[in-house]
Each structure stands twice: as structure tokens, then as C-alpha cells.
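Since the structure comes first, as C-alpha cells, the remarks are kept for the end.
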Amino acid sequence: MTAFFGANEISLIRVRKVAICLEVVSAALLLAACGPTDREKSELIEKHQAECLDRFCEGDVAPATNPSTETTLKLNGQWYIGPKPYFNSNSTIFYWPSKIPAFDHGGAHDSIRGRDFNDIAIQVLLGRDRAHPVQRSLYQTLSQLKADGFALEEPATSDGIQVWKVSTGNSDPETWYVATLLKEPNGDPPTVACRGRNPKLASCTTGFVWRPGVGANMRFRGEHAPQWPAIYLETTRVLSLLRKA
């Protein structure tokens with residue numbers, strides 16, 4: 001059957017076709033307008049490049065290693081090689097006080113069997129992003145707190161360590177420990193801040209610039225804080241196991 005359209009119907013069809021064409025053109029223009037500007041594209045590229053400084057990205061060629069004993073880390077664009085028992089995903093973890101590396105899968109050890117991970121782990125996170133928050137050392141922050149009257153020294157439990165009670169009135173009580181006989185790469189005494197009402201369960205954190213552009217953030221339980229000088233020495237020993245590729 002052949003369909004016949006009058007002049008009005010044909011005009012209506014033409015109007016509808018024009019309307020559809022205008023919608024398609026408008027949508028295309030809208031998509032073009034909503035796309036990233038040249039500046040936004042540049043910012044996205046810079047963001048991606050910055051993120052790739054600390055992780056494996058497309059096009060990277062990792063250095064050759066012995067896969068059974070070594071692993072690679074990418075820190076601020078530089079490749080490092082370290083022993084597998086100590087390093088994984090830009091971090092190192094060892095148990096305290098045993099000093100056993102956490103990634104040693106050779107079997108369970110009596111000193112850690114049945115213990116909660118957070119109770120015995122000394123965790124160190126490495127990377128470019130972690131360098132920025134520690135441009136000012138904790139020791140420098142403590143010096144300012146002392147000057148402002150927020151820190152009170154307590155009797156030391158052993159040689160080579162200072163203990164400070166810090167109270168600003170805005171948070172839980174804090175106990176800060178200073179390894180007076182040691183030095184961070186910037187020359188300041190290593191300092192750690194422990195926050196929490198229960199000294200043994202307090203969260204102890206610190207950070208320091210390990211290499212130019214590479215920071216190291218540490219955390220562990222408060223029960224280990226009185227041994228802070230020994231913990232810092234073991235941390236620097238473990239980090240010294242890393243070598244540039």
C-alpha cells in the first residue's frame with residue numbers, strides 16, 4: 001500500500017528532521033564544550049607524571065633483579081633494589097623487639113606467633129608524597145611547643161632519650177620521645193610523637209626525609225616508644241639495605 005502525505009504532513013516531517021539535526025549538532029557542541037581545556041589536559045598529564053614517580057607505570061622498564069631474593073621499589077622516579085624479606089610496595093616492616101622482617105615467609109617464629117600484627121610491627125612507608133609533610137621535623141615542632149609552654153620534660157628512663165609530655169588542650173595526651181645521641185639526615189635528633197590515653201596502645205608516628213625528595217613515615221605502638229633510639233637505628237640499618245638500580 002502506498003502512503004500519501006499532504007503538504008501539511010510533509011512540512012511537519014521536515015520540521016522534525018530539522019529539529020533532530022539541531023539536537024545532534026547541539027549535543028556535539030555541548031560535548032566539545034564540556035571536554036577538558038588545554039590547561040586541564042596539561043594538569044592531568046602533570047598529575048599522572050607525578051603519580052608515576054612512586055609506582056610502576058606503562059612504559060616503565062624495571063631493573064633486573066634476582067626474583068627469588070630481591071624486589072624493586074620506585075621512589076621519586078628512582079629505582080631501588082632491596083631484599084624481599086624487608087621490602088614490599090614501597091614499604092618496609094619489621095617486628096619489635098625481634099627485628100624479624102615481616103615479609104620473611106620462611107615460617108612462623110616463636111617470638112611473633114600469636115601476637116597481633118599492630119602490637120609488634122614497626123611500619124615504614126616510603127615515597128615522594130611522604131616527603132612533603134616532614135619538611136619541618138618533629139623535633140622542630142617540639143621546640144616550638146616548648147617555647148609556647150605546651151611541653152613539659154619528664155625524667156628520662158635511660159641515657160640518650162628525652163621524654164616530653166605535650167598538652168595543647170585540643171587532643172588526647174601526647175608523649176614525645178627524643179633520641180638525643182642520634183641524628184636524622186637533616187641533623188635534628190630523631191623524635192617520635194605518641195598519642196593516646198593508654199601509653200601501651202598509643203599510636204606513635206614520625207617522619208623524616210630519608211633521601212632528597214623521598215620521605216619515610218613510621219608508625220608503631222606506644223609500648224615500644226621507650227626503646228625509640230634502638231628502633232630508629234634498626235630502621236636506618238634496614239633502609240641502608242636499599243641500593244640504587
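Start at 1 with the first residue, then count along the sequence.
Of all heavy-atom pairs between Ala225 and Ile161, the closest is O-CD1, 4.0 Å. For the pair Asp60 and Arg55, the tightest heavy-atom approach, listed with the atom from each and the gap, is OD2-O, 3.7 Å. Listed here is the closest heavy atom pair of Leu73 and Ser91: CD2-N, 4.2 Å. The shortest heavy-atom contact between Glu223 and Pro226 is O-CD, 3.6 Å. Closest of all the heavy-atom pairs between Leu182 and Pro229 is CD1-O, 3.6 Å.
Checking side-chain atoms of Asn90 against main-chain N and O of Lys74 turns up a donor-acceptor pair under 3.5 Å. Formation of a donor-acceptor pair under 3.5 Å by the Thr206 side chain with backbone atoms of Thr191 is found in this model. Side chain of Asp104 to main chain of Pro101: no donor-acceptor pair is present (N/O by atom type, distance under 3.5 Å, no hydrogens or angles). A donor-acceptor pair is defined here as one N or O able to donate and one able to accept, closer than 3.5 Å; such a pair exists between the side chain of Lys84 and the backbone of Pro67.
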Can I get a per-line list of side-chain donor-acceptor pairs under 3.5 Å for residues 237-245, giving both atom names and the distance, sequence neighbours left out?
from: Arg237; atom 1: NE; to: Glu234; atom 2: OE1; distance (Å): 3.1
from: Arg237; atom 1: NE; to: Glu234; atom 2: OE2; distance (Å): 3.3
from: Arg237; atom 1: NH2; to: Tyr86; atom 2: OH; distance (Å): 3.0
from: Arg237; atom 1: NH2; to: Glu234; atom 2: OE2; distance (Å): 2.8
from: Ser240; atom 1: OG; to: Arg237; atom 2: O; distance (Å): 2.5
from: Arg243; atom 1: NH1; to: Glu70; atom 2: OE2; distance (Å): 3.2
from: Arg243; atom 1: NH2; to: Glu70; atom 2: OE2; distance (Å): 3.1

Let me have the donor-acceptor pairs involving side chains of residues 193-201, under 3.5 Å, with sequence neighbours excluded, atom names and distances please.
from: Arg195; atom 1: NE; to: Glu174; atom 2: OE2; distance (Å): 3.2
from: Arg195; atom 1: NH1; to: Thr205; atom 2: OG1; distance (Å): 3.4
from: Asn198; atom 1: OD1; to: Lys200; atom 2: N; distance (Å): 3.0

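The ring pair (Phe, Tyr, Trp, His ring centres under 6.0 Å) test with Tyr232 singles out one residue from Phe208, Phe220, Trp210, and that residue is Phe208.
Through chains of ILVMFWY side-chain contacts below 4.5 Å, Trp79 is grouped with Phe56. Under a 4.5 Å side-chain heavy-atom cut-off, the cluster of Ile, Leu, Val, Met, Phe, Trp and Tyr residues that includes Leu181 has no other member. The other members of the hydrophobic cluster of Val166, by chain and number, are Leu138, Tyr139, Leu142, Leu145, Phe150, Trp164, Trp176, Val178 (side-chain heavy atoms under 4.5 Å, ILVMFWY only).
The stretch residues 214-245 participates, sequence neighbours left out, in no disulfide bond (SG atoms under 2.5 Å apart) pair at all.
Phe103 and Ile81 fall into different hydrophobic clusters, defined by Ile, Leu, Val, Met, Phe, Trp and Tyr side-chain heavy atoms under 4.5 Å apart, directly or through other members. Criterion: ILVMFWY side-chain heavy atoms under 4.5 Å apart, direct or through other members. Under it, Tyr80 and Val124 are part of a common hydrophobic cluster.
Two residues are said to be in side-chain contact when any heavy atoms from C-beta on lie closer than 4.5 Å; Phe117 and Ile93 meet this criterion. Here the side chains of Arg128 and Leu75 are not in contact, with every heavy-atom distance at 4.5 Å or above. When side chains are defined from C-beta on, His224 counts as touching Ile231, because their heavy atoms get closer than 4.5 Å.
For the atom pair SG of Cys204 and CZ of Arg219, the computed distance is 12.5 Å after rounding to the nearest 0.5 Å.
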Please walk me through it: do Asn118 and Gln123 pass side chain to side chain contact (heavy atoms under 4.5 Å, CB included)?
-> CA-CA 9 Å; Asn118 289 318; Gln123 304 177 64; 3.8 Å; yes
Worked verdict on Tyr177 versus Val163 for side chain to side chain contact (heavy atoms under 4.5 Å, CB included) | CA-CA 5 Å; Tyr177 298 81; Val163 182; 3.8 Å; yes
Mind running side chain to side chain contact (heavy atoms under 4.5 Å, CB included) on Arg211 and Asn76 for me, showing each step along the way?
-> CA-CA 10 Å; Arg211 291 284 187 273; Asn76 198 25; over 6 Å; no
